[in-house]
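Read the structure below first, then the notes.
All chains are named by letter (A, B, ...) in the order of the sequence lines, taking the proteins before the strands, and each is independently numbered beginning at 1. Owing to the predicted nature of the structure, the values given are computational and were not obtained by experimental measurement.
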Amino acid sequence: MKRSHNCGELALTHVGNTVTLAGWVASRRDHGGVIFIDIRDRYGLTQIVFDSEDNAQLHTVADRLRNEYVIAITGKVSVRPEGSENTHLPTGHIEIQADALDLYNEAKPLPFSVEDDVHASESLRLEHRYLDLRRPKMQELLQLRSQVAYLTRQYFHDQQFLEIETPILTKSTPEGARDYLVPSRVNPGEFFALPQSPQLFKQILMIGGLDRYFQIARCFRDEDLRLDRQPEFTQIDLEMSFVDREDIMSLIEHLIRLIFKETKQIDLPHPFPQLTFEESMARYGTDKPDLRFDLPLHDLSAFAKTCDFQVFRRAVEDGGMVKALVVPKGTAFTRNRIDNLIDTAREFGAKGLAWIKMTEDGELDSSIAKFFNGQDLRTALPAANPGDLLLFVADKATIVHQVLGRLRLLLGEELALIDQTRWEPLWVIDFPMFEYDEASQRHVALHHPFTAPHPEDEDLLESEPLQAKTLAYDVVLNGFELGGGSIRIHSPRMQEKVFDLLKISKEEAREKFGFLLDALESGAPPHGGIALGLDRLIMLLGQTESIRDTIPFPKTQKAQCLLTHAPSSVAPEQLQELSIRTTAKKPATP
RNA sequence: GGGGCCGUCGUUCAGCCAGGUUAGGACGCCAGAUUGUCAAUCUGGAAGUCGCGGGUUCAAAUCCCGUCGGCCCCGCCA
């Protein structure tokens, strides 16, 4: 028996037709003389009726059916008796009167039932992913992912882009994330690295004259996992020649808007708002602000400098700052809750968290109120209203922003300030070229070492490198970094200078990036690009809470696959062939 | 490397703080009944080394220590 229709498409127009459906038994309801079976496939659910009066023999066969058996049935589409329609199902007005049944496979009782309302723990779902993938919600997410990939390919092909694959076995480079390594059997003691991104290859493609490249590229980073981070993930990656950053931002903005419109009928703003890195840090304490709620950071450094509170005054005098969050209706917070906030602020890196309640009659209520002139504070912080709670952090800028930025998010969630129906994309631009890394006592690239500096900041590179801005851009959606890119350095002299500033020696630069430097000497066009995190995009678009739901076979937080039990030990002969000996304390046995 | 939450029949939870009967509910499973259900219903039944190891105790699911696993976070993620 071969199926004539899928399980989601039959309707009143098909009544009278003889059809064949194939799929899984989703549920069985036995009424004695009549048995109802719901048959499920990717497309939907259809009710089958086995009536002992119509076909006694088939009815006894149906009696043996259990959940997740795989069957095909042939029968006549009929109208459901009046009053027994199921308006929750697209196929709820019809049913199939079964005439024949093929049982392809039985299923033993399974560890959890296939339904959207998941009762199973995530580890159980991952261990039996084949069952989990049968759930309509999971199928919907993978369908969404496929649709987005299709729209992306269509969009770039229409714009003259070439889809080009870059190597998975490639060269380990310094800087950036930890590499996944692959031993080379043919070259004992040497290793390939899996790509953290196709960065260098796509630049080489531009130098190779391909002009416009894109790829839906798998990337690998051996770092610890998070809700939105997997060790292997997928980027929508592109690079273009002879463009400026506005060209790339506009191109990718159109793609994102197209994807939201086509898949979810969501209209994103046009154009996306832009914040400089500096503005974003100053106002939200982060470079990936969630703009679905306001609760900004207020700068009170000028006021703090003149107040009597030593902690505030000294912070500013020492080159730091004082900023505040104004928590609406925060006077209702109990002392205990405020103490918890103080603890949290300390965990985030603050020395403390000062607080003042502004009472309904406009007075200051706090143990530190005596240090402040109420009128001066109200003037310095006009956003504060009676009934609000003011939270202050006084420290150097990085700490103030980090602590208040995280408190802002925490309070946004706790106070339900986030409008879940809103979509707030934005660009963050003008990132600094470098930041100073205390650990290694040197400058490190904030983006990556191939990012071009702002033309007008080139002079700052040597004099005040930390002041130099780049032609980089990040696209942020609802507080998640969706992607980032930059205009690249195309001058070999500039590239060497940047390596120099990063304290990468000439020899090391030659060894690790020689091919790029040579390529830049060969006539490199100005170029730039961007990469979007496809998994995160699907997570946001599909409104699911974890990146793991967007990946058919994800890793756990320990970077293991519960389905296949990878990674695993290998036979000693395999290691020997690769000239590898493990130093693991407990060498696992294969 | 660090902090937090969790681990009890196939599944999901209660019981743990205040140690003491036969470890309980729901879903699922099995059997029977049942001709209009779609979370079907009714009756009956089976099902647990309480993650693992050690300790305290007359007695441990419960208290203590260690360990393994899942999740969230910090560090890390150019």
Side-chain angles (χ1 to χ4, degrees), chain A residues 26-40 45-54 59 63 66-68 78 80-89 91-92 95 97 107-128 131 173-179 196-197 199-200 219-231 233 343-344 346-349 402 406 409-410 431 433-435 437 439-440 443-451 470 472 481 484 486 498-499 502 504 533 545-546 548 555-558 560 562 565 586:
Chain A
S27 99
R28 167 173 166 279
R29 295 175 296 277
D30 182 356
H31 286 253
V34 64
I35 295 172
F36 299 98
I37 296 282
D38 288 339
I39 185 170
R40 183 197 66 235
L45 211 68
T46 303
Q47 175 166 286
I48 316 296
V49 186
F50 296 88
D51 194 322
S52 58
E53 283 180 12
D54 294 348
H59 178 268
D63 198 48
R66 292 294 181 270
N67 281 348
E68 303 308 317
S78 61
R80 291 202 189 183
E82 207 177 324
S84 67
E85 304 89 352
N86 184 343
T87 49
H88 299 108
L89 277 183
T91 60
E95 60 194 10
Q97 304 288 338
K108 61 182 181 187
L110 298 166
F112 61 93
S113 59
V114 175
E115 53 193 3
D116 267 346
D117 189 12
V118 219
H119 294 296
S121 67
E122 190 168 5
S123 54
L124 200 69
R125 289 172 52 207
L126 292 176
E127 196 179 329
H128 307 273
L131 281 182
T173 53
E175 311 272 307
R178 196 175 293 116
D179 283 322
Q196 298 177 25
S197 85
Q199 184 58 36
L200 292 169
C219 304
F220 306 86
R221 294 179 190 174
D222 187 5
E223 297 294 347
D224 285 348
L225 288 78
R226 287 285 187 281
L227 177 77
D228 62 346
R229 270 167 34 190
Q230 281 276 305
F233 60 101
D343 287 345
T344 308
R346 291 213 173 98
E347 280 166 35
F348 291 164
Q402 172 170 296
R406 288 190 195 160
L409 273 184
L410 194 81
F431 283 82
M433 188 92 178
F434 306 109
E435 58 187 349
D437 181 46
S440 59
H443 293 109
V444 293
L446 197 75
H447 201 62
H448 58 54
F450 319 108
T451 303
T470 59
E481 184 195 324
S486 63
V498 170
F499 283 152
L502 290 170
I504 298 175
E545 56 280 353
S546 153
R548 295 182 296 277
K555 310 283 187 288
T556 65
Q557 196 161 52
K558 274 257 168 86
Q560 294 174 331
L562 295 182
H565 298 112
K586 276 185 269 177

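The CZ atom of A:Arg28 sits 16 Å away from the C1' atom of B:A39 (whole-angstrom rounding). A:Asp30 places its CG atom 12 Å from the P atom of B:G36, with the value rounded to the nearest Å. The distance from atom CZ of A:Arg178 to atom C1' of B:C76 is 7 Å, rounded to the nearest whole Å. Atom CG in A:Leu227 sits roughly 19 Å away from atom P in B:C76 (whole-Å rounding). Taking atom CD of residue A:Gln560 and atom C1' of nucleotide B:C71, one finds them 14 Å apart after rounding to whole Å. Per the geometry, CG belonging to A:Asp179 stands 14 Å off C1' belonging to B:C76, to the nearest Å. Rounded to an integer number of Å, the gap from A:His128 NE2 to B:G70 P is 14 Å. For A:Phe36 and B:U35, the CZ to P distance is 11 Å, given to the nearest whole Å.
Checking the phosphate oxygens (OP1, OP2) of B:G69, no side-chain nitrogen or oxygen of A:Ser123 falls inside 4.0 Å. Considering only side-chain N and O atoms, A:Gln402 lies nowhere under 4.0 angstrom from the phosphate OP1 or OP2 of B:C74. For B:C76, neither phosphate oxygen OP1 nor OP2 lies less than 4.0 angstrom from any side-chain nitrogen or oxygen of A:Arg226. OP1 or OP2 of B:U12 lies within a sub-4.0 Å distance of a side-chain N or O belonging to A:Ser121.
On a pure distance criterion of 3.5 Å, a polar donor-acceptor pair joins the side chain of A:Arg80 and the base of B:U37. In terms of polar N and O atoms assigned as donor or acceptor, the side chain of A:Arg229 comes within less than 3.5 Å of the base of B:C76 in a complementary pairing. Side chain A:Arg221 to base B:C76: no donor-acceptor pair is found below 3.5 Å. The base of B:C77 does not come close enough to the side chain of A:Asp224 for any donor and acceptor atom to sit less than 3.5 Å apart. A donor and an acceptor atom never sit less than 3.5 Å apart when one is taken from the side chain of A:Gln557 and the other from the base of B:G69.
For the C1' atom pair drawn from B:C71 and B:G54, the interatomic distance equals 27 Å after rounding to whole Å. Comparing the same atom, C1', in B:C42 and in B:U34 gives a spacing of 8 Å after rounding to whole Å. Atom P of B:C65 sits at a distance of 28 Å from the matching atom of B:G75, rounded to the whole Å. Comparing the same atom, P, in B:C30 and in B:A40 gives a spacing of 14 Å after rounding to whole Å. The P atoms of B:C50 and B:C63 are separated by 15 Å, rounded to the nearest whole Å. Taking atom P on both B:U21 and B:C16, the two are 13 Å apart, rounded to the nearest angstrom. Across the C1' atoms, B:G2 and B:C64 are found 23 Å apart, a figure rounded to whole Å. Taking the C1' atoms as reference points, B:C5 lies 24 Å from B:C9, given to the whole Å.
Scanning all heavy atoms of the two residues, the minimum distance from A:Ser197 to A:Arg221 falls at CB-NH2, 4.1 Å. The two residues A:Thr556 and A:Leu225 come nearest to each other via the heavy atoms O-CD2, 3.1 Å. Nearest heavy atoms, A:His59 versus A:Phe50: CD2-O, 3.5 Å.
No contact: A:Leu45 has no heavy atom under 4.0 Å from any strand. Within 4.0 Å (heavy atoms only), A:Glu347 reaches no atom of the nucleic acid at all. A:Arg406 comes within 4.0 angstrom of the backbone, heavy atoms only, and of no base. In this structure, A:Glu127 reaches neither bases nor backbone, as no heavy-atom distance under 4.0 Å exists between it and the strands shown. Within 4.0 Å of A:Thr451, counting heavy atoms only, lies no atom of the nucleic acid at all. Using a 4.0 Å heavy-atom distance criterion, A:Glu545 is classed as making no nucleic acid contact. Using a 4.0 Å heavy-atom cutoff across all strands shown, A:Pro81 reaches at least one base atom of the nucleic acid. Within the nucleic acid shown, A:Leu126 has no heavy atom closer than 4.0 Å to any nucleic acid atom. Residue contacts shown for A:Ser52 include a base, since a base heavy atom lies under 4.0 Å away.
When both pairing distances are held under 3.5 Å, B:G24 makes a Watson-Crick or G-U pair with B:C13. Across the strands present, B:G75 finds no partner; the criterion is a Watson-Crick or G-U wobble pair with both atom distances under 3.5 angstrom. Base pairing of B:U67: its partner is B:G51, meeting the Watson-Crick or G-U wobble criterion (both donor-acceptor distances under 3.5 Å). Base-pair partner of B:G36: not found among the strands shown (Watson-Crick or G-U wobble, both distances under 3.5 Å). Taking a pair to require two hydrogen-bonding distances under 3.5 Å in either a Watson-Crick or a G-U wobble arrangement, B:A60 remains unpaired. Of the nucleotides present, B:C29 is the one that pairs with B:G45 by Watson-Crick or G-U wobble criteria, both distances under 3.5 Å.
Side-chain atoms of A:Ala177 lie closest to B:C77 of the nucleotides B:U35, B:U37, B:C77. When the nucleotides B:C77, B:C71, B:C29 are ranked by their closest atom to the side chain of A:Glu122, B:C71 comes out on top. Side-chain atoms of A:Glu53 lie closest to B:U35 of the nucleotides B:C38, B:U35, B:C72.
The number of heavy-atom neighbours closer than 6.0 Å to NE2 of A:His88, taken from other residues, nucleotides and ligands shown, is 12 or below.
Here the straight-line distance linking atom NE2 of A:His448 with atom CG of A:Leu200 works out to 8.5 Å at 0.5 Å rounding. The CD atom of A:Glu85 sits 12.5 Å away from the OG1 atom of A:Thr91 when rounded to the nearest 0.5 Å.
Of the residues near RNA chain B, A:Arg29 and A:Asp63, the one whose nearest nucleotide (by heavy atom distance) lies more toward the 5' end is A:Asp63. Between A:Phe112 and A:Arg66, the residue anchored nearer the 5' end of RNA chain B, judged by the nucleotide with its closest heavy atom, is A:Phe112.
In this structure, A:His31 does not count as stacked on the base of B:G36 under the 5.5 Å centre distance and 30° plane angle limits.
Comment: A:Glu223 does not engage A:Arg229 in a salt bridge, judged by the lack of any side-chain N to carboxylate O separation of less than 4.0 angstrom.
Take A:Asp228 and apply the salt bridge (Lys or Arg N to Asp or Glu O under 4.0 Å) test, not counting sequence neighbours, and it matches A:Arg536.
Ring-plane geometry between A:His443 and A:Phe434 is classed as tilted, the angle between the planes lying from 30 to 60 degrees on a 0 to 90 degree scale.
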